[in-house]
Chemist: 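Let me begin by handing over the structure; questions about it come next.
For clarity, every value in this text was computed on a predicted model and none was experimentally measured. Note on naming: letters A, B, ... go to the chains in the order of the sequence lines (proteins, then strands), and numbering restarts at 1 for each one.
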Amino acid sequence: MTTISSMDVSHILDQLNKPQREAVSAQSQPILVLAGAGSGKTRVLVHRIAWLIQVENISPFAILSVTFTNKAASEMRGRIEQLLGSPIGGMWVGTFHGLSHRLLRQHWQEANLIQSFQILDSDDQLRMIKRVTQSLQLDEKEWPSKDSRWYINNCKDEGIRPQSIEDRGDSTTQQLRTIYATYESACQRAGVIDFAEMLLRSLELLRDNPNLLQHYQQRFRHVLIDEFQDTNTLQYAWIRLLCGDQSPPFAVGDDDQSIYGWRGAKIENIQHFTHHFPQTNTIKLEQNYRSTGNILKAANAVIANNEGRLGKNLWTDQGDGDLIHLYTAFNELDEARYITSRIEQWVNESGQYQEIAILYRSNAQSRVFESTLNEQAIPYRVYGGLRFFERAEIKDALSYLRLTVNRHDDPSFDRVINQPTRGIGNKTVDIIRHYARSNSLSLWDASKALVDANSFTARAGNAVFGFLTLINHIANTIIDLSLEDQVEKVIAASKLKEHYLKKDKGDLGQARVDNLNELISAAQGFHYRPDDEHADMDFLTAFLSHAALEAGEGQAKAGNNCVQLMTLHAAKGLEFPLVFLTGMEDGLFPSQRTIDEKSKLEEERRLCYVGITRAEKQLVISYTEQRRLYGSISYNLPSRFLDEIPSSVVHEIRPKTNVWQRNVQTPKTKLKSTGKINETGIKIGQQVSHGKFGEGVVTDVEGAGEHARAQVNFKFSGSKWLVLNYANLKKL
DNA sequence: CCCAAGGTATTTTTT
DNA sequence: ATACCTTGGG
């Protein structure tokens, strides 16, 4: 073996700081890298892999690296290839779902799937559950499909199958279990799996096939996990199964950035990691290369209020930088206008639009920013929204394609049997569904049987027969075509373009046609690489899986150099020179729904920490004194998180004064009651304090004299009606 | 089968 | 405010 020292490995370690080096070159044992925001987490992962290959002579075949998003996976792949100077080879780099999918494609028989199994996205899943609920003759009001979906996905994320749900005589649980079980068999019959199923099925595949398990355990001696704090129970179990006793995991994450508890992520996974793996070497990355000292001081101070942290303190050697600016806005319009003026100022001082991000807690807040930016002709881009492969017209076309692959794909059948409308109404479809259910047939077979038996009215029968014939015809004609020709033929034969042009007049219809054309281009640009996640699949199946697994970009790129608008969640992992952290009001952020539960409030605080640490040079925080939300006006106190930021790092742009005296263009707000002023001078919007309940804001006043009452929204005690005579409120 | 009216819910999101 | 979805009538 060539001596390690003879090989020049300086490029792997040279640019790293001490703890980064320690992590990259650590001995083989469980490693937990606690990587603070902006501390070079991806760099450590990438360099670790290079170290394994180039210094420890580990074969790329023995390495598996898993992330959450496709974006993270492709970034990692790119950076590894760049550092190694060669393709990734036999290494497995992908998302939990991508890697699970790969396992299932390779071992579809052992996993009890059909070879051409397809993937349900969460919209498909919901439709499927709706159908199941109907078939069980349940009232959808009483058993909302969204709730059932939540229940089913939760079970799967916890590794629970319907059979193992305990029967405690609780009728709700029993009913949900029935829905779950029925849904599961419907999926099985149709040859489709949902996202959670993908993970659970691949876990069971390994667990129940000792040979396979042994094979993969022996192969993957090095398992690396990114964003470990976001793993759920199932993902963690998957990792532990794969690692076995022989392959210590290399986990990178940050407990302070765990913001997905609400969708099943278990912060405990990272908190108890050293408990599960007693030999763990924990390495903290605390030097931050992103933000100024003042921004880090604010972030550290806020997050310090959480309990049970693994504990980190970010620092920088780059100096304090500017103070954080805090703007108190009258209302959301004032907030948006101020931010707009700050954006103009930034650009006038030779900054770029793309260096700026406006962050908010909930999507609904983007509207005002959009219209104000529009007015000022400032280019912007809103993150989120429908992704390409989630658009209705695209899913229609994909459903036709899926039916050519597998006629028993019920979700696809259901979707396009009358799309475009071909005279098959609800009544007819119901008959088909009913027949399918009572005879355990797919919708396709049921339709065929009913047509053969002449069970429909002449008109309906012809229409259904026409549909079956169309699908068969399409399938036969595209069989030997190239992928893009297949897609093109399907779109043409289905007449989807004509349908949408007729149905959605104007821009919308044209946009849908454009999207369908785009789908053809996407097919053209799709390349099958035998070494990637789509091993063992034909082109079409690979393309369909790709569409489900990687839904594509949200909203078209509206120019390059533009201001970025997104939720705090969407901002995780990103960084910008100038960041606006908006809507910092109690009840909005932290969200009202979180404030009485400590663990939820702490997650909000972590979200705040994420928001603050997105800023490189300048952070501008804003909140409003009144805000229009859901049609009515709310009066909120400044976010409690603001109190946690040391005032020494904050510069207040406009000192708080009473809104009502300032008299900024008062919009036609109809006050909820007539009570404007009463003997005590308590008015709506007044900040008050109460002996027992503490600080709050008056949100409504009614009555007069000794019966005068005020509704006060208290910071810690919620909203209460108080009789002014007794309440003894102090104006603040 | 299509359209209009009315009822309802409304944090955060990836795969 | 509003968007989305179900429902009822033409």
Side-chain angles (χ1 to χ4, degrees), chain A residues 66-73 94-101 119-126 130 139-141 144-147 150 153 156-157 193-200 202 227 230-232 234-235 258-265 332 359-368 383-387 389-390 418 420-429 459-460 463 502-503 533 545-552 554 566-573 583 587-595 600 603-604 606-608 610-611 627-634 667 669-670:
Chain A
V66 62
T67 61
F68 276 86
T69 65
N70 292 303
K71 196 174 157 210
T95 63
F96 280 101
H97 292 86
L99 299 180
S100 294
H101 178 240
I119 300 160
L120 295 186
D121 69 16
S122 55
D123 180 60
D124 299 329
Q125 188 188 20
L126 189 67
K130 274 201 173 119
D139 182 2
E140 282 192 65
K141 290 260 158 56
S145 298
K146 284 213 167 117
D147 295 2
W150 188 86
N153 288 339
K156 291 189 180 183
D157 286 347
I193 58 173
D194 60 51
F195 288 129
E197 183 73 27
M198 210 180 296
L199 282 167
L200 181 52
S202 78
E227 303 276 18
D230 288 335
T231 51
N232 64 26
L234 183 51
Q235 288 155 341
S258 162
I259 55 174
Y260 287 112
W262 53 273
R263 67 174 196 209
E332 71 276 5
L359 309 183
Y360 37 79
R361 175 67 240 263
S362 78
N363 291 115
Q365 289 166 253
S366 75
R367 281 186 95 99
V368 206
Y383 279 70
L386 264 196
R387 324 264 284 290
F389 286 108
E390 290 168 353
N418 198 34
T421 42
R422 51 173 67 85
I424 304 177
N426 245 330
K427 195 89 175 281
T428 308
V429 180
R459 218 165 77 160
K502 190 169 147 243
K503 188 165 158 262
E533 289 165 26
S545 301
H546 166 80
L549 235 32
E550 204 162 334
M566 66 189 87
T567 63
L568 286 154
H569 283 89
K572 193 170 83 149
L588 227 207
F589 187 33
S591 156
Q592 192 67 43
R593 289 188 162 72
T594 64
I595 54 185
K600 287 186 178 171
E603 184 156 303
E604 295 284 291
R606 293 192 289 269
L607 192 56
C608 182
V610 166
R627 175 182 295 274
R628 217 190 183 99
L629 201 62
Y630 304 138
S632 57
I633 291 183
S634 57
T669 54
K670 32 180 192 307

Chemist: Using the ring pair (Phe, Tyr, Trp, His ring centres under 6.0 Å) criterion, which residues pair with A:F589? Sequence neighbours excluded.
Modeler: A:F641
Chemist: Hey, is A:E332 close enough to A:R367 for a salt bridge, meaning N to O under 4.0 Å?
Modeler: no
Chemist: Reading DNA chain B in the 5' to 3' direction, which nucleotide is the first one with an atom under 4.0 Å from a heavy atom of chain A, and which is the last?
Modeler: B:dC1 to B:dT15
Chemist: Who passes ring pair (Phe, Tyr, Trp, His ring centres under 6.0 Å) against A:W262, sequence neighbours left out?
Modeler: A:Y260, A:H569
Chemist: Does the distance from a Lys or Arg side-chain N to an Asp or Glu carboxylate O, for A:R606 and A:E603, drop under 4.0 Å?
Modeler: yes
Chemist: If you pin A:E603 and A:K502 to their nearest nucleotides in DNA chain B, which one's is more 5'?
Modeler: A:K502
Chemist: For A:R367, which contact category applies under a 4.0 Å heavy-atom criterion: base, sugar-phosphate, or nothing?
Modeler: sugar-phosphate
Chemist: Under 4.0 Å, counting only non-hydrogen atoms across every strand here, what does A:T421 touch: a base, just sugar-phosphate, or nothing?
Modeler: sugar-phosphate
Chemist: Salt bridge or not between A:K572 and A:D230? Use side-chain N to carboxylate O under 4.0 Å.
Modeler: yes
Chemist: Report which part of the nucleic acid A:F68 touches: base, sugar-phosphate, or nothing (heavy-atom distance under 4.0 Å, all strands).
Modeler: sugar-phosphate
Chemist: Less than 4.5 Å apart, side chain to side chain, heavy atoms only: is that true for A:K156 and A:D194?
Modeler: yes
Chemist: So what does A:L120 hit on the nucleic acid, given a heavy-atom distance under 4.0 Å: a base, only sugar-phosphate, or nothing?
Modeler: nothing
Chemist: Identify, between A:T69 and A:N418, the residue whose nearest nucleotide on DNA chain B lies closer to the 5' end.
Modeler: A:N418
Chemist: Taking any heavy-atom pair under 4.0 Å as a contact, classify A:N363: base, sugar-phosphate, or nothing.
Modeler: sugar-phosphate
